[in-house]
Amino acid sequence: MIRLGLCCTFRDEPIKFRVATAASLGKLPRPEALTKLSALGMANADALLAALRFCHANGIGCFRVNSQILPLRTHPTVGYSMDELPSGAEVVRRFEEAGAFAREHGLRTCFHPDQFVVLNSRRPDVVEASIRELEYQAEVAEWIGADVINVHGGGAFGDKKASLDEFARALDRLSPGARGRLTVENDDRTYAPADLLPICHSAGIPLVYDAHHHRCNPDGLTVEEATGRAIATWDREPLFHLSSPIEGWDGPRPERHHDFIDLGDFPDCWRALDLTVEVEAKAKEAAVLRLKEALLRR
DNA sequence: AGCGGTCAAGTTGAT
DNA sequence: ATCAACTTGACCGCT
């Protein structure tokens with residue numbers, strides 16, 4: 001069975017996640033900033049439950065949680081811990097409630113930290129900030145039962161092998177909760193599946209195989225080969241990514257995402273697998289539902 | 001109330 | 001040297 005995943009936001013459904021800017025919060029006295037952040041976290045926990053309800057009602061089996069679900073949580077100046085929030089305990093309780101709903105209905109949840117998370121950066125402060133961010137997402141993942149926190153390989157810095165060794169070293173600095181959820185995804189410029197598979201095996205982290213990125217950044221492996229090798233890195237249901245190019249594969253920027261998925265981009269060899277496929281398409285839930293229909297009609 | 005400029009963060013490669 | 005790409009739309013502060 002293919003389980004389709006929705007990424008973070010909705011196009012038509014009126015479910016919104018709130019954010020705030022560091023600049024505006026920084027101007028407020030600390031207690032007022034914390035009150036605002038508390039209210040945003042509360043609203044986002046409730047929005048997450050609404051998102052999961054929508055997914056369940058519409059046959060969408062996986063939901064990716066926005067990195068900003070707790071806005072500015074790890075920001076160097078306006079960042080905060082849950083104990084500092086006036087309603088921190090209630091915010092956590094509502095996240096756990098969302099997690100209970102997901103568990104009850106067999107929904108999978110996951111995280112995909114932003115490009116700023118670079119575990120192999122040459123700058124120690126960047127690695128520090130990356131680890132802080134991963135620990136925060138792991139904390140929320142624990143509340144809601146998410147099993148994947150998916151990152152890219154980071155920079156190459158002129159030497160992919162050395163940079164992947166650096167990546168592996170940073171893994172050792174993660175808590176068990178973050179380390180146990182961490183996965184790595186092939187990207188569209190630097191690290192292809194063949195680059196990552198060795199570290200996936202040596203470090204024991206699953207490969208999130210992105211078929212679109214693979215086509216933008218090939219490595220000699222076929223889709224079938226990459227699929228098989230990626231699956232071998234998972235000790236649970238594998239999770240892959242899919243998107244279609246905005247103006248076709250011959251367009252000027254094939255790495256950009258289209259609003260919807262072209263069924264021709266859905267690998268035939270995925271059809272019969274037990275697999276989560278996250279749909280990276282700008283039309284969001286509309287794209288997931290359209291793909292679901294297309295797969296049923298085949 | 002409506003509008004436009006601005007948002008925490010890194011790295012790469014196209015122009 | 002700058003800029004867009006990586007889920008981008010929401011928020012803020014001005015009129």
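Note that this is a predicted model, so its numbers are computed, not measured. Here is the naming used below: chain letters follow the sequence lines, and residue numbers restart at 1 for every chain. Reckoned from all heavy atoms, side chains included, excluding hydrogens, waters and symmetry mates.
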Specify the separation, in whole Å, of atom [atom1] of [X] and atom [atom2] of [N].
X      : N      : atom1 : atom2 : answer
A:L40  : C:dC12 : CG    : C1'   : 13 Å
A:E280 : C:dT7  : CD    : P     : 6 Å
A:E278 : C:dT7  : CD    : C1'   : 10 Å
A:R64  : C:dT7  : CZ    : P     : 7 Å
A:D188 : C:dA5  : CG    : C1'   : 8 Å
A:I69  : B:dA8  : CD1   : C1'   : 18 Å
A:L25  : C:dC11 : CG    : C1'   : 11 Å
A:H241 : C:dC6  : NE2   : C1'   : 13 Å

| Of the options A:S67, A:C110, A:P113, which is the one that meets A:I149 in a side chain to side chain contact (heavy atoms under 4.5 Å, CB included)? |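 Single pass found, and it is A:P113.
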Mind listing the closest non-hydrogen atom pair of [X] and [Y] along with its distance?
X      : Y      : value
A:G153 : A:F167 : O-CD1, 3.6 Å
A:I2   : A:R271 : CG1-O, 3.9 Å
A:A294 : A:L263 : O-CD2, 3.8 Å
A:N44  : A:R18  : OD1-N, 2.7 Å

| request: Dump the intermediate steps for salt bridge (charged side-chain N to carboxylate O under 4.0 Å, His left out) on A:R132 and A:E128, then the final yes or no. | output: CA-CA 6 Å; A:R132 275 214 317 284; A:E128 289 298 323; 5.9 Å; no
Using the [atom1] atoms only, state how far [M] lies from [N], rounded to an integer number of Å.
N      : M      : atom1 : result
C:dC3  : B:dG5  : P     : 15 Å
B:dG10 : C:dA10 : C1'   : 23 Å
C:dG9  : B:dT11 : C1'   : 24 Å
B:dT6  : C:dA4  : P     : 14 Å

| task | Check A:E185, A:R189, A:E280 against A:H213 for a side-chain hydrogen bond (donor to acceptor under 3.5 Å, both in side chains) and give me the one that passes. | result |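 Only one option passes, and that is A:E185.
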| request: Would you indicate what A:A281 reaches in the nucleic acid, counting non-hydrogen atoms under 4.0 angstrom: base, sugar-phosphate, or nothing? | output: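 Nothing, no nucleic acid heavy atom in range.
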| So, is A:K284 near the phosphate of C:dT7, with a side-chain N or O under 4.0 Å from OP1 or OP2? |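 For A:K284, the contact criterion (side-chain N or O under 4.0 Å from OP1 or OP2 of C:dT7) is not met.
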| request: Please check the phosphate of C:dG13 (OP1 and OP2 only) for any side-chain N or O of A:K27 closer than 4.0 Å. | output: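 Yes, within the criterion.
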| Does A:T9 or A:T21 map to a spot on DNA chain C nearer the 5' end, using the closest nucleotide for each? |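 The 5'-side residue here is A:T9.
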| field | Given DNA chain C, 5'-ward residue of the pair A:R18 and A:C7, judged by closest heavy atom | value |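 Closest to the 5' end, via its nearest nucleotide, is A:C7.
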| Checking A:D195 side chain against A:A192 main chain: does a donor-acceptor pair fall under 3.5 Å? |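 Side chain of A:D195 to backbone of A:A192, a donor-acceptor pair under 3.5 Å: yes, one is there.
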| A:H152 and A:Y191 aromatic centres sub-6.0 Å |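 Centroid separation for A:H152 and A:Y191: 6.0 Å or greater.
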| task | Mark up nucleotides 9-15 of chain B, 5' to 3', with B wherever a protein heavy atom is under 4.0 angstrom from a base atom, S wherever such an atom reaches only the sugar-phosphate, and - elsewhere. | result | BBSBS--
| query | Just the dot-bracket of DNA chain C, please: which string comes out with Watson-Crick or G-U pairs under 3.5 Å, [ ] for crossing, | for another strand? | reply | ||||||..|||||||
| task | Compare all side-chain heavy atoms of A:E293 with those of A:L289 and state whether any distance is below 4.5 angstrom. | result |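 Of all side-chain heavy-atom pairs linking A:L289 with A:E293, none is under 4.5 Å.
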